[in-house]
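Heads up: the structure comes next, in C-alpha cells.
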Amino acid sequence: MIALPAGWVVADAALALPLAPLIALAAVPLVLALRARPNLREAVTLSAGVLLAALVLGLWPHADAGLRYPLWSWLPGLSLELALEPLGLLFASVAALLWPVTSLYAIGYMRANEEAQQTRFYVCFAIAIASAMLIALAGNGVTLFIGYEALTLSTWPLVTHKGNEDARRGGRTYLVVLLTTSIGLLLPALIWTYALAGTTEFRDGGILAGRASHGVLAVLFALYLFGVGKAALMPFHRWLPSAMVAPTPVSALLHAVAVVKAGVFTVLKVAVYIFGIDTLHYAGATVPMLWVAAFTLLAASLVAMLQDNLKARLAYSTVSQLAYIVLAACMATTAGALGGAAHIATHAVGKITLFFCAGAIYTAAHKTRVSELDGLGRQMPFTFAAFAIGALSVIGLPPLAGLWSKWWLMQGAVDAGWPWLMAVLMLSSLLNIAYLLPIPVRAFFRPAVATHAEPGVREAPLACVLPLCLTAAACLLLFFGIDTVVAPLTRLFGLP
C-alpha cells in the first residue's frame, strides 16, 4: 500500500465541494425521464439524497482544512468560489441529512393525498437542495447571493403546488417579499461591502475591521439582516405564514431543511465572516437589530398562541425560533454565535418533526385545527408521541437537543452584559410551552369530541410515520452527541 501525499488528499476533498450541488442537480433529468414510472422516480430521489448525505458527512475530517474551489473569476475580488468552513458544513449537513428523510415522507404524503404534479415537486425539491448546498459552501457573498436567489425561485413552484387561489396568493407574497428584500437590501449591502473592503470573500475575523465608522457598520448590518428576508424578521415575515398553503413536505423544506435555515445561516455567516464577532462587539453595531430580534422573538410567540390552525401555529413558532439565531448574531459574543449555530441543527430536527406530525394528522384524520385534536392521540400514538418529543426539544427541555442551543444563548447574553436578554429568552421558552404542549396534552388526555370523532382513524402510512419517528429520535440523539457536532465550531470561535 502506497501512502498518497497529504496535498493529494486535500485536493480530492476540494473536488467534493462542487460535487455537492451537482449530485442534487444530477437527479433532476433522471426524475424527469422517469416521470411515468413513479417508483423508479422516487428511488432516484432517495438515492441522490443518501449519496449527498454521505458526501457531505465525509467532509467533516476536512472542516478546518481551509479547502477552496474556484468556479469563475471576472474581476479582482469578484468571483464564484466554493469554500469549506465549519459553519457552512453544519448547514450543508442539516440539509443533506434531512433531504432523504423528507423525500421518504413526501412519498407517503403525496401518494396518500393523491397530490398532482408529483414529478415537478421532486424536480423543484432537488434544485432547492442544490441551491442550499451552493449557499452553504459559498466562498464569498457573490456566490451566496446567487444560491440565495436560486433557492427562492426553485421553491416558489412548491409553494404554489396546489394551484388554487390560496396557493397563488401565498406564492405571490412569498416571491414578492423574498425578492424585494434580497434585491432591494441584501444586494446593496454586498455592493457596499465590496466598495469598503474590495472583496466579499468570507474570511475568519471578517473583512470590515477598520474599514468604516461605527455608524456605517450599524446601517450596513441592518441592511444585511433585513435583506435576508428568509430569516423572517418582523416586519418581513409575512411570506412564511402565507407559504403554509403548500403541502406539508414543502413546509418541512421551508422550515427545517433549506429555506429559513438558509436565511439564518446567512445572517450568522455575515456576522462571523464579513463583519467579524470582535468588530461587531466593539463597534456596538448590533444593538438596534438586537431589539428588532427580541421583539420578533416574543411577538411571534404571542401570535402563535392565537392560531387554531396547526400549521399556522407552527409557522409563527418558526418566526420566533429564527429570531433566536438572529439574536445570537446580534449578541456579538462567541458563546452566542455557537448557540446560534447549534440552533440551526437543533431547531431543524425539532421543527421538522412537528411538521411531519401535522402532515400525518391531516393524511390520516383530515384534521388541520388544534381544536379538532381532542382524543386523537389514542388513535395515532406514534404521531403524537413524536410531536411531544419535538415540542419539548423546541422548548429546550432535557434530555432533548434544543436545550444546548438555548444554554449557549443564555451564556452569550451573560457575556454580552445584557441580563434583560436572559429574561427575554426565558419568557420565550414559557411561551413555547404555552402554544406547543397543549397539543399533545389534549390529544392524549382529553376525550374525543363527538362531532370530531371519526371511527377507524389510525396512523398515517408507514412512509409518513417512519420519518417522524426518525427525526424525533434525532432530537434525543443530538442531545447526547452535540459535542461532535459543535467541536469544529468551538475551534472556529476560539472556545475551549
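Only this structure's heavy atoms are used, side chains among them; waters, hydrogens and symmetry mates stay out.
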Between [Y] and [X], is there a side-chain donor-acceptor contact under 3.5 Å, judged purely by atom types and distance?
| X | Y | answer |
| --- | --- | --- |
| Thr346 | Ser405 | yes |
| Thr471 | Thr353 | yes |
| Lys351 | Thr318 | yes |

May I have all residue pairs that pass ring-ring contact (aromatic ring centres under 6.0 Å, His included) and include part of residues 127-148, sequence neighbours excluded?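 Qualifying pairs: none.
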
Counting C-beta onward and ignoring hydrogens, is there a side-chain heavy-atom pair between [X] and [Y] closer than 4.5 Å?
| X | Y | answer |
| --- | --- | --- |
| Glu149 | Ile183 | yes |
| Val259 | Tyr174 | yes |
| Leu436 | Leu314 | yes |
| Leu290 | Leu421 | yes |

Go through it in stages, so that I can follow the logic: the residues are Lys406 and Ser429, the test is side chain to side chain contact (heavy atoms under 4.5 Å, CB included), and I'd like the CA-CA distance, side-chain angles, deciding distance and then a yes or no. CA-CA 9 Å; Lys406 293 194 176 183; Ser429 290; 3.3 Å; yes

Is the distance between the ring centroids of Tyr435 and Tyr316 under 6.0 Å?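 No, they do not, as the ring centres are separated by 6.0 Å or more.
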
Considering only residues two or more places apart or on different chains, which pairs with a residue in [range] satisfy salt bridge (Lys or Arg N to Asp or Glu O under 4.0 Å)?
| range | answer |
| --- | --- |
| residues 43-64 | Asp64-Arg491 |
| residues 463-485 | none |
| residues 171-185 | Glu165-Arg172 |
| residues 81-93 | Arg68-Glu81, Glu85-Lys269 |

For the pair Phe221 and Phe275, name the ring-plane relationship: parallel under 30°, tilted 30 to 60°, perpendicular over 60°.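 The arrangement is perpendicular - the two ring planes meet at more than 60°.
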
Has Phe236 got more than 12 heavy atoms of other residues, nucleotides or ligands less than 6.0 Å from its CZ?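 For Phe236, atom CZ is crowded (more than 12 foreign heavy atoms under 6.0 Å).
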
Which residues pass the side-chain contact (heavy atoms from CB on, under 4.5 Å) test with Glu42, sequence neighbours left out?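 Testing Glu42 for side-chain contact (heavy atoms from CB on, under 4.5 Å), a comparison that skips the adjacent residues, returns Pro38, Ile107, Arg111, Gln118, Tyr122.
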
If only atom types and distance count, is the side chain of [X] paired as donor or acceptor with the main-chain N or O of [Y] below 3.5 Å?
| X | Y | value |
| --- | --- | --- |
| Thr160 | Ala167 | no |
| Asn140 | Thr199 | no |
| Tyr105 | Ala360 | yes |

Trace of the side chain to side chain contact (heavy atoms under 4.5 Å, CB included) decision for Leu87 with Tyr273: CA-CA 10 Å; Leu87 185 59; Tyr273 293 108; 4.3 Å; yes

